[in-house]
Amino acid sequence: MPGLVTFRGEGGPLLDLRLIRRDPDAVREALSRRGEADALDGVLALDAECRALRSAVEERRAESTRIAKEIGALKKHGEAVPAGQEDAARALREQTAAEEETLRDAEARRDALMLALPNIAEAAAPDGGEEDAVELRRVGDIPVFPGGVKDHVELAEAIGGLDLERAARTSGSRFAYLMGPLVRLQMALVSWAVDVVTAEGFTPVIPPVLVREEALVGTGFFPADRSAVYATADDDLFLVGTSEVPLAALHQDEILDEASLPLRYAGISSCFRREAGAAGRDTRGIFRVHQFDKVEMFSFTTPEESAAEHLRILGIEESILQQLGIPYRVVDVAVGDLGASAARKFDCEAWMPGQERYREVTSCSNCTDYQARRLRARTKRGKETVPVHTLNGTAVAVGRTLIAILENHQQPDGAVVVPACLRAYGAPEVLGPS
RNA sequence: GGAGAGGUGGCAGAGCGGUCGAAUGCGGCGGUCUCGAAAACCGUUUCGGGCUUCACGGUCCGACGGGGGUUCAAAUCCCCCCCUCUCCGCCA
């Protein structure tokens, strides 16, 4: 496909530069909620510099073209070129080259700053940091275990489904061998989830999990979260932490027909995370591991539809947890805890009896036009070309969902009753200790 | 991995140093004709950015896979990279 493009020379708008110019105070205030207000003034100063330089450079280029055309016309008609005209043109060009260098440099610095700015949060998103997420609701009854609670490691090992020690020997900490009955359970879970989201209009996709840097920049993981991503040693490829990355990049550099929106995809993939900076946290079991599998929903919508799509995705996530019989709560994540690309994020946290608290199992974000700008995924609005909106949400994060199933549905004898919806997909009714 | 051929507008496909953002065909859009439609005919149809405008618009710059170079002048010449295709090798 010859239309496949690598990188655009002159680059598209990132955070809407025009919006920044028109109303810098509003943007500054929005960014200050995320502690990034200062970065804006650097951008504004550089932008003014870039525009002044660009005007000057373009005038010179116009002059150069004019002279070149004159010379061309003369030569074409066999007439003599006035003495010194070519020398003058050369001198002008050399002058311009120096200015172009300055312009390129200024624009590169401006773009580097722009690339580091996070998205502007929705006004309704709560202020604050990690502790300031607002609980929206709790659904499902928390199970009680008079005879005592086992956590997922005990339960999984007892049924021959997990080997952590050998995984550590093979690959280090935060890896697992998932085995036997848990493999069957995972496969059922994935197949079922794919059916559920397919019924909701999401096209299943198995995407590449190794991607170029551009896809990670485009989705906002770079430069902000670079340390979380595995890089390959001999190739310029990176292992994705979520299929959101290749799904977003699916329509990179495209102008989508508005009538085709929303476009909905469900990525099925392994996910890889370095978990740098998480040392010592959640070290037990498979709650926080370097590799896990996930079914991920991803939507491209018009700007008007994204907020509704966000709630729709959240609804699907909740429906999945309800069908699995997992008690959960929904939280509205505070601005300071959003990823760079998100304008609003809802997490579903499942009750984990082994930890006696709610922990994140799914998450859905509205990235508005942030990723679309970076990836140049657009649609036509009359004569205008506008960025689309992108959203992503977890259908099933397999590892954490397995934990929630095991721990919530455990029996006094250590057996686990499998949710009914999975039985048609090849899961046994009960996982019994061997 | 080795050898070769290529990458041009939504698609097909010319152009191979000057007035080319780019012939032609198809498709799309608008119109004429028609009760309506088809056909025919006429017109129109890329993207990004700067300046200017309340706006409609105007004007200039850039882009022929990406980046760099040669030249007064590059889609056209040179170098590097990316991608596609064919053959060979290897492989699930």
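Residue numbering restarts at 1 for every chain, and letters A, B, ... go by the order of the sequence lines.
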Which residue pairs satisfy the ring pair (Phe, Tyr, Trp, His ring centres under 6.0 Å) criterion with at least one member in residues 264-289 of chain A, sequence neighbours excluded? A:His251-A:Tyr265
A:Asp47 side chain to A:Val43 backbone, donor-acceptor under 3.5 Å: no
note: A:Leu237, atom CG; B:rC82, atom P; distance rounded to Å ~ 11 Å
Is it the case that the side chains of A:Gln323 and A:Ser319 hold a donor-acceptor pair, with the cut-off being a distance below 3.5 Å and no angle test? yes
Any pair with a residue in residues 396-409 of chain A that passes salt bridge (Lys or Arg N to Asp or Glu O under 4.0 Å), sequence neighbours left out, goes on the list, sorted by first then second residue, please. none
Within residues 92-105 of chain A, residues whose heavy atoms come under 4.0 Å of RNA chain B: A:Arg93
In whole angstrom, give me the gap between the P atoms of B:rG13 and B:rU86. 15 Å
Determine all donor-acceptor pairs shorter than 3.5 Å in which one atom belongs to a side chain in residues 187-195 of chain A; sequence neighbours excluded.
from, atom 1, to, atom 2, distance (Å)
A:Ser191, OG, A:Met187, O, 3.0
A:Asp195, OD2, A:Tyr425, OH, 2.6

Interatomic distance where CG belongs to A:Asp236 and C1' belongs to B:rG66 [whole Å]: 14 Å
Note: A:Asp127-A:Arg33 ion pair, threshold 4.0 Å (strictly below): yes
Mapping A:Glu63 and A:Gln85 to their closest nucleotides on RNA chain B, which lands nearer the 5' end? A:Glu63
Under 4.0 Å between a side-chain N/O of A:Arg51 and OP1 or OP2 of B:rG50, yes or no? no
Determine the Euclidean distance between corresponding C1' atoms of B:rA75 and B:rU8; express it in Å to zero decimal places. 7 Å
Just compare B:rG49, B:rC83, B:rC72 and give me whichever is closest to any side-chain atom of A:Lys75. B:rC72
So the stems of RNA chain B, runs of at least three Watson-Crick or G-U pairs (under 3.5 Å), are B:1-7 with B:82-88, B:10-12 with B:24-26, B:27-32 with B:40-45, B:46-52 with B:57-63, B:65-69 with B:77-81
B:rU71 to B:rC54 separation - C1' atoms, rounded to the nearest Å: 46 Å
Are any of A:Arg66's side-chain N or O atoms less than 4.0 Å away from OP1 or OP2 of B:rG18? no
Measuring from the side chain of A:Ile71 (C-beta onward, heavy atoms only), which nucleotide among B:rC47, B:rC72, B:rG50 has the closest atom? B:rC72
When the P atoms of B:rG18 and B:rC77 are considered, how many whole Å apart are they? 11 Å
Closest nucleotide of RNA chain B for A:Ala68 versus for A:Ala62: which of these residues is on the 5' side? A:Ala68
Sugar-phosphate only, base, or nothing, as touched by A:Thr385 at under 4.0 Å among non-hydrogen atoms: sugar-phosphate
Tell me, with the steps shown, if A:Asn392 and A:Ile313 meet side chain to side chain contact (heavy atoms under 4.5 Å, CB included). CA-CA 8 Å; A:Asn392 62 271; A:Ile313 290 171; over 6 Å; no
Show me the donor-acceptor pairs, under 3.5 Å and distance only, between side chains in residues 167-176 of chain A and residues at least two apart or in other chains.
from, atom 1, to, atom 2, distance (Å)
A:Thr170, OG1, A:Arg166, O, 3.0
A:Thr170, OG1, A:Tyr177, OH, 2.9
A:Arg174, NH1, A:Arg281, O, 3.2
A:Arg174, NH1, A:Asp282, O, 3.2
A:Arg174, NH1, A:Arg288, O, 3.0
A:Arg174, NH2, A:Ala278, O, 2.9
A:Arg174, NH2, A:Arg281, O, 2.9

In this structure, how many angstroms lie between the P atom of B:rU46 and the CG atom of A:Asp253, rounded? 18 Å
Using the C1' atoms only, state how far B:rU76 lies from B:rG15, rounded to an integer number of Å. 8 Å
Taking the P atom of each, how far is B:rG65 from B:rC16, in whole Å? 16 Å
P gap between B:rG9 and B:rG66, integer Å: 10 Å
Rounded to whole Å, how long is the line connecting atom CG of A:Leu74 with atom P of B:rA73? 16 Å
Let me know the distance between CD1 of A:Ile255 and P of B:rG28, rounded to the nearest Å. 19 Å
Does any pair with a residue in residues 20-49 of chain A pass ring pair (Phe, Tyr, Trp, His ring centres under 6.0 Å), and if so which ones, sequence neighbours excluded? none
Candidate nucleotides B:rC83, B:rC60, B:rG62, ranked by approach to the side chain of A:Arg61 - the nearest: B:rG62
Return the value, rounded to whole Å, for the distance between atom CZ of A:Arg378 and atom C1' of B:rG10. 14 Å
NA contact type, A:Ile67, heavy-atom cut-off 4.0 Å: base, sugar-phosphate, or nothing? nothing
Who pairs with A:Phe221 by ring pair (Phe, Tyr, Trp, His ring centres under 6.0 Å), at least two apart in sequence or on another chain? none
Name all residues meeting the ring pair (Phe, Tyr, Trp, His ring centres under 6.0 Å) criterion together with A:Phe298; count only those two or more places apart in sequence or in a different chain, and write none if there are none. A:Phe300
Within less than 4.0 Å of OP1 or OP2 of B:rG49, is there a side-chain N or O belonging to A:Arg376? no
Between B:rA74 and B:rG62, how far is it from one P atom to the other, in whole Å? 9 Å
